[in-house]
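All heavy atoms count here, side chains included; hydrogens, waters and symmetry mates do not. It should be emphasised that the depicted structure is a prediction, and the values quoted were computed from it without experimental measurement. First the proteins, then the strands, lettered A, B, ... as listed; each starts at 1.
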Amino acid sequence: MTPGQQVIRQWYKQKSWQQFPFQKEMERTYLAGNSGLLNAPTGSGKTFALFLPFLADFINKHPDYKTRQNNGLQMLWITPLRALTNDIRKAMQEVCDDLGIPWKIATRTGDTPAAEKAALKKKLPEVLLTTPESLHLMLAQKDYPAIFKSLQVLVVDEWHELLGTKRGVQVELGLSKLKVLGIPPEDQSHKTRLKIWGISATIGNLEQAADVLLGNDFPPENIKMVRANVEKKLVIKSIIPENVENYSWAGHIGLKLLPQVMELVAKSKTTLIFTNTRSQSEIWYHAILDNYPEYAGVMAMHHGSLDNELRNWVEAALHAEALKVVVCTSSLDLGVDFRPVDTVIQVGSPKGVARFMQRAGRSGHHPGAISKAYFVPTHSMELLEGAALKQAIKQGIFESRDPMLLAMDVLIQYMVTLAVSEGFKADELFKEVKSTYAFADLTSKEFSQLLDFITNGGKTLAQYDEFLKVEIENGVYKVFSRRVAMRHRLSIGTITSEMSIRVKWLSGGSLGTLEESFISKLKPGNTFWFAGRSLEFVRIKEMSAYVKKSTAKKGLIPSWAGGRMPLSSQLSAVFRDKLDEVAHGIEKDEEVIALKPLFDLQKQLSHLPQSHEFLIESFKSREGHHLLFYPFEGRLVHEGMASLLAYRISRVKPASFSLAMNDYGFELLTDEDVDIEQFLEDADFFSIEGLLDDIQHSLNANEMARRRFRDIAHIGGLVFTGYPGQQVKNKHLQASSSLLFDVFSEYEPDNLLVRQAYNEALAFQLEEFRMRMALQRIVKQNIILKHIDRPTPFAFPIMVDSLGREKLTTETMEDRIGKMARQYGAEGVGIEQNKKQRKPGVTRKKGF
DNA sequence: GACCTGCTGCGGGATG
């Protein structure tokens, strides 16, 4: 046994650390000099599984480690979350202290005080924990090669969180530089000099995750996968409404099940209630306080628009077991260890298997404990998602994280980062960049375009000094202007966000942030609920909304505009399988049994499609002719497909459509009588032939790309968002990126950033790939067209969805749904007054 | 008169 191993064994023993087989395997693999990916869940001791072998290795190489000083930076540990760097630092420091290793473990993030950052520059710790953004800030420092010259190992923690995002691309680019630092280009030994390890939770594409992390030039024989296979007992239970027929057919808040949820809360020590949106968190918190006032004081809320201070307090209180229930969004998905949590409740569809597993894992969060998670449907059909979730988990189906490719905006930022510090030579950098997974297909022509762009502003911006950032001196691309350098450092990163307004007490102190659109609706004296408190709006001053405490029981609850997550393609597929079972009369899941009356009604009014069938419902009301399609493929695909089909119909027979969709299907509504049979006979109706062209015509692709371009321009450094504390007004930002988009589109059609904007819109907004797969599936299915008299259980939620954002009436949503149900149910067909309500809203888009 | 979708994450200059 080597000295290093002895020391490690001693630590294992002292801590009576439970050794999983994977920890020994990790140690062996690491000490053999490999790189790769460690697949392990949080709370399995994954940090030590990497840190201890690293220590052992170091001690073996430096027997005099106890007296040795100034080793230089040995290990760089990258995490997606600032909070994680601190947690892990503490744990590592404890190991070093225990073993008498005189090391200082440090963190470097945006939280690090300026003095400490300066100290880090002078004397480096042996281990540094940081974020992708801070890594790039370090690369923007002069003499950065000296910082990393002794680096032995690089760990990217929670790699699955970064993979698939531009932050992941940032990590790839950073690594491509660290791999070659201090090594002449002709020397090949660099490929294994630096050990690179990723840590990832289970995702559908682990092998690819390893490839992306290590890049194209890493010797495959040195890439290893270590799997924890930590057996995690997971119990999942759907909360089934007493009477599914009377439970909402549509809706998304789920408060009707509050009593059942609170029964669970009462039985548990500590419960996390996950909701899908921030406003839903606020609504649930409020509802609990109203109906179960005894929870005041032992209940808290946690979401991304609350002040950090508040959130830290909640996390600390959870640790201290001072809270009985926390209502939260995915802000609690990651990171900190919540040992005392024993019950997790998910309200509404989690939309993906992996996300649900992640949340479920928050309960019983220590090795050997059983995780308990409950699923609360917010409308009847969603209950089937509960059955699908269980099935998917049983089969081990997980979503993949698809790596981003050719993100030119991130590359431009990185090129300027290097130009700001040491400068770069074009051919060397091209080779490095090509070694990343993201830019493997980058052509030298494209790279030249980018070089031209940062030095001359490309074809169109040449006469504006603003865009001439980088100069060439002796073949080295460098930034000489201090102003450019400073502004660039200020805008490193790939996360862009909307302008928000800080909510502050009149008496001082801040609660969190709201959106301008919400605040603008308020008049002084109005009350609203935020952060679980009743507040009175006083005034707005310098991007802050000042409030004071209110005693009003009622008030507005804010909503925020955010991403619209569709049902994942994996969960959709299992959902369709479940539906197929239902159509075949298989009733083994409790959810399916509960839903039987609803399915019977669907069958009676229309049809229950099997997996080889595609159901279309057609029905006429005074509103017009409704056509309902059910691909069960997630709302983004449905949005695109609805426009596509509307376009294909209108090409033959001019008609104007309004569109509505949810995760299960979509509706085309038109005044005209459409002979749908005629189109269904046409083989081209669902064809992928000419798909891209038709998408261009049917959707406002320009607008979608323009919106995407706003972020791209920001990341690529084309628009400056202002100095800290004095931000450029959002409107200006919008205008200038929009202007640039127009200029490029007109004068420079091959502009790489504009092209990227279109590609991103296609891939992320339309999920074009998934739509293509869905169309190909539909073409092979038997089309079942049913003429129905009134909305079916499948149709109803889609039609309600289109009313959702109607705000001109004082009726509550519930009233309106009730009215709609009565009218359709009792009178059969048609409602005059709803016609006026069906205005194009956010989801109901005007077609042609 | 008003609750009725839409998550999360980072970072921020320098001198004598």
Under-4.0 Å side-chain N/O to phosphate OP1/OP2 contact, A:R278 with B:dG6:
no
Over all strands shown, is A:T131 touching base, sugar-phosphate only, or nothing at heavy-atom distances under 4.0 angstrom?
sugar-phosphate
Compare the minimum distances between each of B:dG6, B:dC3, B:dC10 and the side chain of A:I557, then state the nucleotide with the smallest one.
B:dC3
Check whether any side-chain N or O of A:S559 sits under 4.0 Å from OP1 or OP2 of B:dG6, and answer yes or no.
yes
Would you mind reading off the distance between A:R487 atom CZ and B:dG13 atom P, rounded to a whole angstrom?
15 Å
Ring geometry between A:F575 and A:F632 (parallel below 30°, tilted from 30 to 60°, perpendicular above 60°)
tilted
Take A:K121 and A:K523, find for each the nucleotide of DNA chain B with the closest heavy atom, and name the residue whose nucleotide sits nearer the 5' end.
A:K523
From the list B:dG6, B:dG11, B:dC3, which nucleotide is the closest neighbour of the side chain of A:E133?
B:dG11
Expressed in angstrom and rounded to an integer, what is the separation of A:K521 atom NZ from B:dG1 atom C1'?
12 Å
Counting any heavy atom closer than 4.0 Å, what does A:R483 reach on the DNA or RNA strands: base, sugar-phosphate only, or nothing?
nothing
d(CG, A:L636; C1', B:dC7) in whole Å
14 Å
Under 4.0 Å between any heavy atoms, over every strand shown, what does A:G555 touch: base, sugar-phosphate, or nothing? Just pick one.
sugar-phosphate
When the distance from CD1 of A:I283 to C1' of B:dA2 is rounded to whole Å, what number comes out?
13 Å
Could you check whether A:W560 gets within reach of a base, just the sugar-phosphate, or nothing at all, counting any heavy atom under 4.0 Å?
sugar-phosphate
Please tell me which of the listed nucleotides, B:dG13, B:dT5, B:dC3, lies nearest to the side chain of A:R489?
B:dG13
Just to confirm, is there a sub-4.0 Å distance from OP1 or OP2 of B:dG6 to any side-chain nitrogen or oxygen of A:S279?
yes
Among all residues two or more places apart in sequence or in another chain, which pass the side-chain contact (heavy atoms from CB on, under 4.5 Å) test with A:S305?
A:R278, A:H303, A:T513, A:W560
So which of A:E133, A:E172, A:E760 actually passes salt bridge (charged side-chain N to carboxylate O under 4.0 Å, His left out) with A:K166?
A:E760
side-chain N/O A:K117 vs B:dG12 OP1/OP2, d < 4.0 Å
yes
Proximity to the side chain of A:I495 - top-ranked nucleotide from B:dT8, B:dG9, B:dC3:
B:dG9
Strictly below 4.0 Å: does A:R167 bring a side-chain N or O up to OP1 or OP2 of B:dG11?
no
Taking atom types as modelled, find out whether A:T378 and A:E382 have a side-chain donor-acceptor pair closer than 3.5 angstrom.
yes
Integer-rounded Å distance: B:dG12 C1' and A:M138 CE:
16 Å
Looking across every strand, which nucleic acid part, if any, lies under 4.0 Å from A:L162 by heavy atom: base, sugar-phosphate, or nothing?
nothing
Base, sugar-phosphate, or nothing for A:L556, non-hydrogen atoms under 4.0 angstrom?
sugar-phosphate
Could you state the atom-to-atom distance from CD of A:E515 to P of B:dC7 in whole Å?
8 Å
With a 4.0 Å cut-off on N to O distance, would you call A:D663 and A:K351 a salt bridge?
yes
In whole Å, I'd like the distance from the CE atom of A:M301 to the C1' atom of B:dC7.
16 Å
What contact category does A:H303 fall into here, base, sugar-phosphate, or nothing, at under 4.0 angstrom with non-hydrogen atoms?
sugar-phosphate
Under 4.0 Å, counting only non-hydrogen atoms across every strand here, what does A:A561 touch: a base, just sugar-phosphate, or nothing?
sugar-phosphate
Identify whether any heavy atom of A:G110 sits under 4.0 Å from a base atom; if not, whether one sits that close to sugar-phosphate; answer base, sugar-phosphate or nothing.
sugar-phosphate
The glycosidic conformation of B:dG13, counting syn as within 90° of 0 and anti otherwise, is syn
Residues that A:F356 engages under ring-ring contact (aromatic ring centres under 6.0 Å, His included), provided they are two or more places apart:
none
With no hydrogens and no angle check, do the side chains of A:T275 and A:S281 hold a donor and an acceptor under 3.5 Å apart?
yes
Taking N and O atoms by type only, does the side chain of A:S330 place a donor or acceptor under 3.5 Å from a partner on the base of B:dC7?
yes
For B:dG9, does OP1 or OP2 lie under 4.0 Å from any side-chain N or O of A:S331?
no
Base, sugar-phosphate or nothing for A:R108? Non-hydrogen atoms, less than 4.0 Å.
sugar-phosphate
A:R482 vs A:E382, nearer the 5' end of DNA chain B by closest nucleotide
A:E382
Think A:S134 has a side-chain N or O under 4.0 angstrom from the OP1 or OP2 of B:dG11?
yes
I want to check one thing: is the phosphate of B:dG9, taken as OP1 and OP2, less than 4.0 Å away from some side-chain N or O of A:S497?
no
Nearest-Å distance, CD (A:E158) to P (B:dT8)?
17 Å
How would you label the contact of A:R82 with the nucleic acid (heavy atoms, under 4.0 Å): base, sugar-phosphate, or nothing?
sugar-phosphate
Would you classify A:T275 as touching base, sugar-phosphate or nothing, given that sugar-phosphate means primed atoms plus P, OP1 and OP2, and contacts are heavy atoms under 4.0 Å?
nothing
Kindly compute the distance separating CD (A:E422) from OH (A:Y144), expressed to the nearest 0.5 Å.
6.0 Å
